[in-house]
Structures are given as structure tokens and as C-alpha cells.
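Taking it in order: structure first as C-alpha cells, then the write-up.
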Amino acid sequence: MQSNKVISGVIERITFVNHENGYTVAKLKSRGYFDLITIVGNLPSVNVGAIVTLKGEWKVDSKYGRQFIVSSYEEKLPATIAGIEKYLGSGLIKGIGPVNARRIVKAFKEDTLRIIEEETERLLEVEGIGPKRIEMIKAAWEEQKEVKNIMIFLQSHGVSTSYGVKIYKTYGNDSIKIVQENPYKLADDIWGIGFRTADRIAQSLGFDTKSYERIRSGIMYVLNQLSNEGHCFAYRDQLIEEADRLLEVESGPVESAIEKMLEEGSLIKDQEDALYLPVFYHSEVGVAGRIKKILETDSVFIHNDAGKLLSSIEAKNKVKYEAMQREAIQKAGSSKFTILTGGPGTGKTFTTLGMISLYKMLGAKILLAAPTGRAAKRMSEVTGMEAKTIHRLLEYKPAKGYTVNEDNPLKCDVLILDEVSMVDLILMYNLLKAVPDEAIVILVGDIDQLPSVGAGNVLRDIIDSEAVEVVRLTTIFRQARGSMIITNAHRVNQGRSLLYTGHRNRDFFFLEEQDPDRAAQLIVSLVTQRLPNYYKVDPVRDIQVLCPMLKGATGAHNINELLQEKLASKACSIKYGGTTYYIGDKVMQIKNNYDKNVFNGDIGFIEAIDREDRTITISFDDRTVKYDHTELDEIILAYASTVHKSQGSEYPIVVAPLSTQHYIMLQRNLIYTCITRAKRIFVLVGTKQAAAMAIRNNKIAKRNTMLAERIRNLELPSIVELN
């Protein structure tokens, strides 16, 4: 193997870029070599058409053949007309795609880059370029120059182009200065840059491994990781142990940093050595306090004879409520805070409609809400009233936060919130802050589903506090008993095995397949051919694959690639990292983006791709949203998703792989949640052994939360005063 070699040439093609670490595979055209050279290495800022000088070594890969492994590189601007066109057409400059690149180079030839740099207005001479596009090109050219400087600085630390752009957008011209002073700020301020990336930069810059900045950042990282697993706090010993392992230091510096963080207020200590990030502590205390305040404040709409009113509602609407439903409606009519829970087919929706009828008869102003757009839409359809997402209800504004709050409360007498199992601690606190003290609150949800993706276990904690009225519906109604989906969901809850066979027109199917690769191909066949042909449905919009995990042959990542290959239009595309997106692709938002008003778990469809502007337009339930190419790390393909991400959604047809490969995730509430997402048809592909393992495993992972205890310890009124 030859080492310390230097080669120069033009980047002809970029085959692959990992936007998380800058790892790149590209093809280089170099004088003296007949074929294109495969180059591999950390090349986070190169673009097609760039002239580069590379240092590294040759290597023969058994699968990919001869490659040049890059250790470092320098880049020059292209000089030839063909090189300039390729460089500009690569998407480097927003506003210049392949078409405009060809036109500009045709007009200005070798002088093109000087014109863009010094006489941008002359681009008006080019067909199809107007003043607006010139401003876009001018801004993008300046930004890429600055980003290029940042990337040169960060290159040796393995920071990718997309992160370089984010750093620049966050810190502007101070980027390099801030990174040099405290690279750990990146982990605090920029989504997608975690502690490990910041730590790698810091170590390259010579930061002390025992510095307070590093230890503090590591502690914050551990607490944030725990919150992603649902925990609201860490016990002191747990935090020290996790931080020691991450930071690879002895416990002394970690303990000292914890004390300093407690002094400065970036950590809060509560009983039993529980250590909170402030946002979770204040939210937990706040939710308990708001429930207490709502319970102890009278409402003119609380009615001590709801039973009589209910009888007149039954007569008027020609309906009949079952005993437990009557109890739920009466409790909701005579209590300030009520929870209605129950599985599918038990009549939660019918009972909720009864509660609405009761309060309408009393003349109360009712507001309806749900955590997701889909859940809100479904709530609107079944009630005939407007239902909003919680974020829309609270009128979130990017610069101001929630504009409906304790100072500007909701205008309602009754608030009914559906799909509450999805609501995390912070969102519940923001909602309850906006609820007037005298309002009546009714929470509706299925306690047996998976808990919220975010921190907390709010619905279960409020029930466990025993401070509010709770009714659990258990009777499965006759019309629902014929559904194997509903029957099997309840069998799962009871720890009983699934029914795998039934009548010809059943809605639950099981296809046994032991081999994960063959199971993946079977799922592709079901989604793309068998189910759409038989049920006359759209395979993209009407069928959802729900996987226990992301990885593996039947994980969401692999199934997405297989389904995209079969279902995508391939008409127009844009590439980000290892994923190519096409018009029509089903995608999912994976972080809350308050500026765009889209949230973690929202599913949309790519409507348009503008290769000149390097943007894509995605339609969600009630709006269209534009994404710049630097924001594409916020979306993933969603032909298949994890069960956790499906909470609050219903799909006409669900196909679910379940194999013993998924043993880490096989839990009763996971398979229950998965089955209950299907409205019309559920197809399980896998093994009975895996299903049995999941049903037997009823150990609900305990989340670190003290909400139930906090609610219990408040001096709550034992009986709500009835009018």
C-alpha cells in the first residue's frame, strides 16, 4: 500500500455523503488516469466541479476495488467553463441549479465566478433570472463563502457541511470565535449536534477533559438522553454513573460540576436526590399545582343532577347509554376534572359525545383539542365540532411562544382533550396554564397504549394520584365484538394469546414467516400489490407499515428503502445524506419545529421539489410547508415507521412485522398500540413465538416521575362542591 500520496483533479460525481460526520464517497477526474478515481474520506464541504488536491493513500477494497483514502484536502475554484458549470449546477448556491448554471456560464464563460462575486447585477442579462433571484444568489454566495471558511476550520474535526451551515445560521460571523471559546455550546444551541460531536471538536482544540464546560455538557447530555427515554429526572447516583461512563473521568469532577450547576440553577434538586433540568421540574410542579387550582375553583356548570339531564338527552337524541357510560357522563357533569379511559370498542367516542351533549344543554362553551393534527381531525369528524391541535389551540408564535397562556387564558367553560396518553409533561403544563381556573377539564385516552414519546407519563400519573374522577370503560359492544382487531387488542391487554383465524371477511390476518429477509419482501408485496388490489386502496396514503424497531431486515429503515423503490414516482428528486427524496414520497417530521408549525410524528407528502432553489414542499393534513435543503435532517421516509411514532394516528390498513429479532422491544403495550392503530385491516407478518413473547412481557418500563406523588401531596379538596 502506497502512503503519503498527493493527487489532484476535478470532482465529477458525489456518490454518498453522511451528513452527520462528513464521510464522503466521490469520483475524481485526474490527469494521467484513464478511469475516474474513487475517493473516500472526510470531505464535508466539497461540491461537484470543485478542483481539489488530496493527500492520502491508495487501498484496494475487496468489494469496491481501488480507492484513494483521503487524509486531508485543499480546494480551489474551477477554472474551465465545464468545471464552472458543474460547480454551480451542483446545488452549492441556492437559486442556481443545473438549468441556470448552464445559462450563466454560456453568457459569461470563464468570467462567471468573477461576475457572481463582483458584478452580481449583470446576471439580469441571463434569461430566466430576475431581481428576486439575484438577491437570493447574492445572499447564498456570501453565505457559502463564510460557510466554506467555517468548514475549513471544522474539517479536521469531522463536522459536516449541513452542520457547518447550521452553525453559521446560529452564530453568523462569530461562528469560529464561539466554537474556539466553547465548542460545547454547539450541543446546547444546535439541534442535531450532540455532545459527542462537540466533544470531538473540543479535544482537537486541546480542551481539558476535566474542564467544567466539558463535564457540564456531558451531564446535560445524559439528562437529555434520559428525557428522550421518558424520564423527568435522574437520581444523583444514576446521573454520576452515566456521566462517568460517557466522560471517562472519575466521579470527583462530575460531583463538583453537579454542585456548581445546582448553585447556578441549571440543575434543580428535589427529594430523594432527584436531579431535574429546570424545565421538567417546573412543569411537574406546575401540572400538579394547576390540577389543584382547577379542582378547588367552582364552576356554574357543575350540575348535581346530571342523571336527569342525561335521561332527557337520551330521549331527545334517541340513544341509550350503558351503565358505565352513564356513570362517566354523570361524573363529567358533576366534577371539575374527569378522566375517561378504555380500550377500542368500549364506546369512548359515544360517551364523549354524551358529555358534549350534556354541557351543550347547560349552555357551556366547549373547546376540543388533541395532540396531533390527525387526532384533532378525527375528533372533528366524530363530534361535528371544531377540534384543534394543542399547539394551534395555544396559538404558538415562534418569536413569542404560546400566546394563549396564564395571562391570556382560553375562553371556555369546558375543555375536552383526546388521546391524552400521547401528551408529555411539558405540553400538559403549557395547556393547563392556559385553562381558566373555573373551567371543567375532561381528559380522554387509552391508558394501555404506549406512553408519550416525550418525558413523563402524564395520563397514568394523574390516574394514579387518585385526586380526580376516573371512569374506565370495559364493556365491548356487540357491533365491535365481530372485529378481530378489537377482540385481539383486548386479548393482548388481558395477557391472552391472539386469535389467528376467523371468518372469511375478518379484519385481522396473520402471515407466518420466520426469515426476516423473506418477511421484508412479503411486506413489500402486501403493501404494493396484494392489499391495494384486493381492497382498492392507495398503497401510500391508506397503508402504513408499523415496526417495533428502526434497524434490521424488518426495521423501519430497510422497509422504507424497499417500499420507496417500488412506490416512488422517480420524477424529480433531491438527495440528502444517504436518502434520495422524490415527489410523492411519504415523510415524517422527527422534531418539533415551531417556526413551521409541524411537530414530531406529523406525516406529510412531498408535493414539489425545486432543484434550483434546493427546496422541497411537503403537504401535511391542513397546510403545506417549505423546507430548505439544510433542514432535511428534520424529515425521514415514512412508508414504514416505528410503533412509538404512530401514537394518536389511525390508518385504514396496518401491516406489522413481528419477529424474535425484535426481542428488546417486544412488550404488551407495544403490540396493543400497534393493533389499535388499524381502522379497517390489520396484517401481522412474523412468528407466533414473537407475539407470545410480547404479550407475556407486561413489564412497563418505569419512568422517573414524581407527578402522581406531587398531586397526592397537595391539599386537594376531598369533595368538589356541587351546585
Side-chain angles (χ1 to χ4, degrees), residues 3-6 14 16-26 39-47 50 52-57 59 68-76 143-222 224-225 242-250 253-254 256-257 577 630 633:
S3 60
N4 260 347
K5 287 290 177 183
V6 177
I14 294 176
F16 173 78
V17 180
N18 182 327
H19 284 269
E20 291 182 5
N21 57 24
Y23 176 82
T24 303
V25 180
I39 61 171
V40 178
N42 184 28
L43 301 150
S45 60
V46 295
N47 286 274
V52 291
T53 300
L54 310 171
K55 286 184 181 178
E57 57 186 25
K59 177 186 175 185
F68 190 79
I69 310 301
V70 180
S71 57
S72 65
Y73 74 100
E74 288 181 8
E75 181 180 344
K76 296 177 184 175
E143 183 175 296
Q144 72 85 27
K145 279 199 306 182
E146 190 58 42
V147 169
K148 189 74 74 177
N149 290 335
I150 294 166
M151 288 316 303
I152 290 168
F153 168 69
L154 295 175
Q155 174 199 337
S156 61
H157 309 299
V159 178
S160 67
T161 305
S162 60
Y163 288 157
V165 172
K166 287 185 175 188
I167 292 167
Y168 175 72
K169 284 184 173 177
T170 305
Y171 303 131
N173 293 334
D174 292 330
S175 297
I176 292 175
K177 178 172 169 262
I178 288 170
V179 172
Q180 284 176 324
E181 286 177 356
N182 182 8
Y184 296 105
K185 264 184 74 63
L186 299 176
D188 293 340
D189 298 343
I190 300 171
W191 187 80
I193 296 184
F195 169 78
R196 295 180 192 279
T197 300
D199 196 38
R200 189 168 63 245
I201 297 167
Q203 297 312 304
S204 298
L205 291 169
F207 266 68
D208 181 1
T209 57
K210 295 180 182 177
S211 69
Y212 172 65
E213 289 81 7
R214 179 173 187 264
I215 306 294
R216 180 188 184 280
S217 183
I219 289 168
M220 297 292 282
Y221 175 80
V222 169
N224 279 308
Q225 287 298 106
E242 294 285 336
D244 285 351
R245 189 179 301 125
L246 172 73
L247 297 162
E248 296 180 338
V249 296
E250 60 274 17
V254 173
S256 299
T630 61
D633 58 347

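The figures that follow rest on heavy atoms only: side chains count, while hydrogens, waters and symmetry mates do not.
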More than 12 foreign heavy atoms under 6.0 Å from CZ of Arg245: is that the case here?
yes

Mark yes when over 12 heavy atoms from residues, nucleotides or ligands other than Glu248 sit less than 6.0 Å from its CD; otherwise mark no.
no

Just wondering, more than 12 heavy atoms not from Glu74 lying within 6.0 Å of its CD?
no

Using the ring-ring contact (aromatic ring centres under 6.0 Å, His included) criterion, which residues pair with Tyr221? Sequence neighbours excluded.
Phe195

Any chance you could measure Ile193, atom CD1, to Arg200, atom CZ, to the nearest 0.5 Å?
10.0 Å

Residues two or more places apart in sequence or in another chain: which of them pass side chain to side chain contact (heavy atoms under 4.5 Å, CB included) with Asp174?
Ile178

Solution key, residues 213-220 side-chain donor-acceptor pairs under 3.5 Å, sequence neighbours excluded:
unit_1, atom_1, unit_2, atom_2, d
Arg214, NE, Asp199, OD1, 2.7
Arg214, NE, Asp199, OD2, 3.4
Arg214, NH1, Thr209, O, 2.9
Arg214, NH1, Leu247, O, 3.1
Arg214, NH2, Asp199, OD2, 3.1
Arg214, NH2, Leu247, O, 3.3
Arg216, NE, Glu264, OE2, 3.2

Is there side-chain contact between Val70 and Thr24, with at least one heavy-atom pair below 4.5 Å?
no

Roughly how far, to the nearest 0.5 Å, is CD1 of Ile201 from CG of Asn182?
11.0 Å

Gap separating the CG atom of Asp189 from the OG1 atom of Thr170, nearest 0.5 angstrom:
7.0 Å

Is any side-chain heavy atom of Lys5 closer than 4.5 Å to a side-chain heavy atom of Phe68?
yes

Considering all heavy atoms, the nearest Gln203-Tyr184 contact
NE2-OH, 3.5 Å

Could you tell me if the side chain of Leu186 sits less than 4.5 Å from the side chain of Thr197, heavy atoms only?
no

